[in-house]
Q: 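Okay, handing you the structure first.
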Amino acid sequence: MAVVHANILGYAYTATKASAAHGPRIAALLEVFLIGLSGYIFARNGTLTRPTLKSLSLISVNLLTPALMFSKMTETLEPQMLVELWNAPVFYFVYGGFSLAWSRIGGRVLRLDPEYGRLCDVATFFSNTNTLPVSLIKSIALSAGSQFLLKDADDTPFKVAARGVSYAMIFATLNNILRWSFGVALLGGLNNTAASRSAFNSVSATPAQAPRMAALSRTSSADELTPLCLGEPAAPVRGQGEGPAARALALAERLGRALLARLRSAWRSAQPCLTPPVYAIVAAFVVISIEPLHDSFRSPDSLLYTLWTAIDMCGDACVPLILISLGGQLGLMAAEKRRHNGDERSSSSSNSSNSSNSSSAERCASTPESEDTSINEATRASSVAMIPAIVLRSATGSGSGTVELSQSRPHTPGAGRALGGELPRREQRRGVALVLLGRFVVVPALAVALITTLRVAFPALLPIMDEDPVYMLTLLILSSTPPAINLITVSQATGKFEAEAAQILFYGYVLGIFVLAVEVSGFLWLTNALERVV
C-alpha cells in the first residue's frame, strides 16, 4: 500500500491555497465553492428561477444521479467488496444515532419549542450525502499528492474517485429511503391525511366505484352499510344452500381480495421511497453479482460497454449540475429572506403612518361631518393595520382555503406555527446553532473517535478499511457535511417551518465551506497517519 508522509500544516496550507506541493489539494473545496457560486449568481440575476431549478432537479434525480451511481459502482465494486460493505449501513445508523441524541438533548437544554425541536432532529439526522461528499472525494482523489489513497500499485486516481463515490452512494440511498418515512414521521407526518384516507378507500373499490367511495369517505355518516349505497345491485348473499367447498372458496376469494388491497396499499406507501437512484443501485448490485453480465459491461468489445460509456458520460455531468442547483437554491433563499425583511420594514412603517394619520384626523375633527370622516379614516387605518396579523392556511395550500383573521394576538411558544406564525428570533438562532454544532463538531468528533478506535484496536473487524484508505476518508467526510438540501422539501410536504428550514440551510452551507476546509484537512492527515501507524 502506498504511503506518503505529510503533516497537518501541509494539508491546512493546501486548504487555503491552490498549491498541491504539500499534500492533496483541498482546493477541491474552492472548486466546489466556485461552481456553487455561479449558481448563486444566476439565481440573484434572475437566470435561475424556481421553475428552472425544479426542471434541473428533475433531470438530476431521474437521469444524472442514477447514471452516476450505476457507472461508478459497476466500474469499481466486486462481489467480494459488496460483502465487506456490510458495515456501511451500520455507520450510517450510528451517525444518525449520534445526531439524534445530540439534537434531543440539546433541544431540552435550550428549551426549544417541541415542534421546532423535531425540525432540528431532521436537519441534524439527514446530512448532505450526495452533492458535497461526491464532489469533494472526486476532486481530492484526482489531485496531486493523493497517492496515499491508492490501495496497491495497480490502483489509479480515477479508480479511487469511483470507489469513494460508490461508498458515498450507500449513505445517499439510505437517506433517500428514510427521508420520506422516518424524516416525515419526525416532523409529524404529511399534511394530507384526508387525501390518504380517500386514496385508501379508492384502492379497495372497483374503478367505477372509486369516485363515489372517495366522496362517501368525506362524510361523517358513512358506516358499515355504505357500500350498499353505491347505486349498484348488491351481491347475492352466499353461503345459503351451498356446501362446505363453496363456502371455503368464497372465504378464500375474500381473503385474496383483502390481501391484494393490502399489497396495493403497501406499494403506494413504498413508492415515495423507490426513487430512480434506488433503482440504479439495485441494478448495479444485480450486474455486479452476475459475473458474465458484469464483464460484458466492462469489455470494450461488447455492445453493453457502449451503453455503459453513455451512462458514465451522463454521470460526469451530475456533480456540476447539482452544485449549480445548490448555489441557485441558496441564492433564491437569500433573495426571499431580503424581500421578507423588506416587507416587514415597509409593513411596520405603513402601520406607523396609518396610526399617525388616524390620530391627526381625530384631533382635527370640528364638525359632525368632519367627525364622521375622521371616524371612517381611523376605522380604515385600524383595519389596514390588523389585516396581516394572522393567516390560516388549509392543508391543501389552495387560495380558497386561506382565511384571514382581523384580530392580532401576542405570540406564544408552540401556538403560532399552526397559524402560520414564526418562532422568536432568539429561538431560531438557538436551533440553528444546535444543528450546526451537531453537524460540524459533535458528530465528526464522535466519528473520529469511533473510526480511530476501530482502526487501531480492531483492524481485523473491518478489513475494507485496512485495504482501501478512501473508504475511511469517505466515512469521515460523510460525518461532517451540512444538512441535506431536501430539508426544505420535507418542510414543504409537512407544511411546517419552511422559513426556519431555509434559515438552517442558508447558514449551514455558508459556514460549511469554511468549516469543511479545516475538517477535511484534518481527515486527510488522520487517514494518512493511521495508514502509517497500523
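Quantities reported herein were computed from a predicted structural model and do not represent experimental measurements.
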Q: Spell out, as yes or no, whether a donor-acceptor pair under 3.5 Å connects the side chain of R104 to the backbone of S99.
A: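 Not a single qualifying donor-acceptor pair exists.
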Q: Taking the side chain as every heavy atom from C-beta outward, state whether D468 and E84 have any atom pair closer than 4.5 Å.
A: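 Heavy-atom side-chain distance check fails, nothing below 4.5 Å.
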Q: Output, in order, the C-alpha distance, side-chain angles, deciding distance and verdict of salt bridge (Lys or Arg N to Asp or Glu O under 4.0 Å) for K159 and E78.
A: CA-CA 13 Å; K159 292 182 179 180; E78 301 290 342; over 6 Å; no
Q: Flag the pair F91 / Y167 as yes when their ring centroid distance falls below 6.0 Å, and as no otherwise.
A: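 No, ring centres 6.0 Å or more apart.
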Q: Judged by atom type as modelled, is there a donor-acceptor pair below 3.5 Å linking the side chain of S289 to the main-chain atoms of F285?
A: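 Here the side-chain-to-backbone pair exists.
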Q: Out of curiosity, L132 CG to T481 OG1, how far, rounded to the nearest 0.5 Å?
A: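 Result: 7.0 Å between the selected atoms.
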Q: Going from CZ on F158 to CD on E75, what distance comes out if it is rounded to the nearest 0.5 angstrom?
A: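 Interatomic distance, F158 CZ to E75 CD, rounded to 0.5 Å: 9.5 Å.
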Q: Could you check whether T124 and W102, counting side-chain N and O atoms only, form a donor-acceptor pair closer than 3.5 Å?
A: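 There is no such pair (donor and acceptor under 3.5 Å, judged by atom type) between the side chains of W102 and T124.
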Q: Please assess L255 against L251 for the test side chain to side chain contact (heavy atoms under 4.5 Å, CB included), listing each intermediate value before the final yes or no.
A: CA-CA 6 Å; L255 292 176; L251 178 61; 4.2 Å; yes
Q: At their closest point, which heavy atom of S127 faces which heavy atom of L478, and how far apart are they?
A: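 Heavy atoms of S127 and L478 come nearest at OG-O, 4.0 Å.
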Q: Ignoring hydrogens and angles, tell me if any N or O in the side chain of N62 forms a donor-acceptor pair with the backbone of L58 under 3.5 Å.
A: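 Between the backbone of L58 and the side chain of N62 there is a qualifying donor-acceptor contact (under 3.5 Å).
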Q: For the residue pair T129 and M169, what are the closest heavy atoms and their distance?
A: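 Nearest pair, atom of T129 first, then M169: O-CE, 4.3 Å.
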Q: I'd like to check Q503 versus V432 (side-chain heavy atoms, cut-off strictly below 4.5 Å). Are they in contact?
A: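 SC-SC contact between Q503 and V432 confirmed.
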Q: Just do the side chain to side chain contact (heavy atoms under 4.5 Å, CB included) check on I170 and Y92 with the steps written out, would you?
A: CA-CA 9 Å; I170 297 176; Y92 174 86; over 6 Å; no
Q: Which heavy atom in I451 sits nearest to a heavy atom in M465, and how many Å separate them?
A: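 Nearest heavy atoms, I451 then M465: CG2-SD, 3.9 Å.
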Q: With rounding to the nearest 0.5 Å, note down the distance linking CG in L260 to OG in S265.
A: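 Here the interatomic distance stands at 11.0 Å.
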Q: In Å and rounded to the nearest 0.5 Å, what is the CG to CG distance from L462 to L454?
A: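 That separation rounds to 5.5 Å.
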Q: Which distance, rounded to the nearest 0.5 Å, do you find between the CD1 of I290 and the CG of D295?
A: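 Result: 11.5 Å between the selected atoms.
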Q: Is there a side chain to side chain contact (heavy atoms under 4.5 Å, CB included) between L516 and I477 once you walk through the steps?
A: CA-CA 9 Å; L516 282 175; I477 292 176; 5.8 Å; no
Q: When you look at F70 and F297, which way does the ring pair (Phe, Tyr, Trp, His ring centres under 6.0 Å) test go after all the steps?
A: CA-CA 11 Å; F70 182 85; F297 271 99; 5.6 Å; yes
Q: Verify, without hydrogens or angle tests, whether S166 (side chain) and K72 (backbone) share a donor-acceptor contact under 3.5 angstrom.
A: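 Yes, because the side chain of S166 sits within donor-acceptor range (under 3.5 Å) of the backbone of K72.
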Q: Are any side-chain N or O atoms of T309 and backbone N or O atoms of T306, one a donor and one an acceptor, separated by less than 3.5 Å?
A: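 Here the side-chain-to-backbone pair exists.
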Q: Closer than 3.5 angstrom, by distance alone: can the side chain of Y471 be matched with the main-chain N or O of D466 as a donor-acceptor pair?
A: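 No; judged by distance alone, with no hydrogens or angles, the pair does not exist.
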Q: May I ask you to test the F440-L437 pair for a side-chain heavy-atom distance under 4.5 Å?
A: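 No - every pair of side-chain heavy atoms lies 4.5 Å or more apart.
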Q: Within the 4.5 Å heavy-atom criterion, are V515 and L436 side-chain neighbours or not?
A: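 V515 vs L436: side chains apart.
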Q: Can you check whether V456 reaches T452 side chain to side chain, under 4.5 Å on heavy atoms?
A: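 Yes, close enough: below the 4.5 Å cut-off.
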Q: Show the nearest heavy-atom pair for residues S71 and I311, with the distance to one decimal.
A: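 Answer, listing the atom of S71 first, then I311: CB-CG2, 4.3 Å.
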Q: Do the side chains of F523 and S480 get nearer than 4.5 Å, heavy atoms only?
A: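 Yes, at least one pair of side-chain atoms sits under 4.5 Å.
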Q: Taking S60 for its side chain and L56 for its backbone only, find out whether a donor-acceptor pair lies under 3.5 Å.
A: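 Checking the backbone N and O of L56 against the side chain of S60, no donor-acceptor pair under 3.5 Å is found.
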Q: Backbone N or O of P51 within a donor-acceptor pair of the S55 side chain at under 3.5 Å?
A: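 Here the side-chain-to-backbone pair exists.
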Q: If you take all heavy atoms of V134 and A168, which pair is closest and at what distance?
A: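 Heavy atoms only, the tightest pair is CG2-CB, 4.4 Å.
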Q: Quick one: closest heavy-atom pair of S103 and G117, and the distance?
A: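 Shortest heavy-atom contact: OG-O, 4.1 Å.
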Q: Is any side-chain heavy atom of S299 closer than 4.5 Å to one of Y305?
A: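 No. Closest side-chain heavy atoms not under 4.5 Å.
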Q: Between T49 and T52, does a side chain to side chain donor-acceptor pair (under 3.5 Å) hold up when you go through it step by step?
A: CA-CA 5 Å; T49 60; T52 55; 3.3 Å; yes
Q: Is the shortest side-chain heavy-atom distance between N128 and N175 below 4.5 Å?
A: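 Sidechains of N175 and N128: no contact.
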Q: Nearest 0.5 Å, what's the CG-CE distance between L85 and M73?
A: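 Here the interatomic distance stands at 8.0 Å.
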Q: Run Y507 and I504 through side chain to side chain contact (heavy atoms under 4.5 Å, CB included) and show every step you take.
A: CA-CA 6 Å; Y507 287 109; I504 291 174; over 6 Å; no
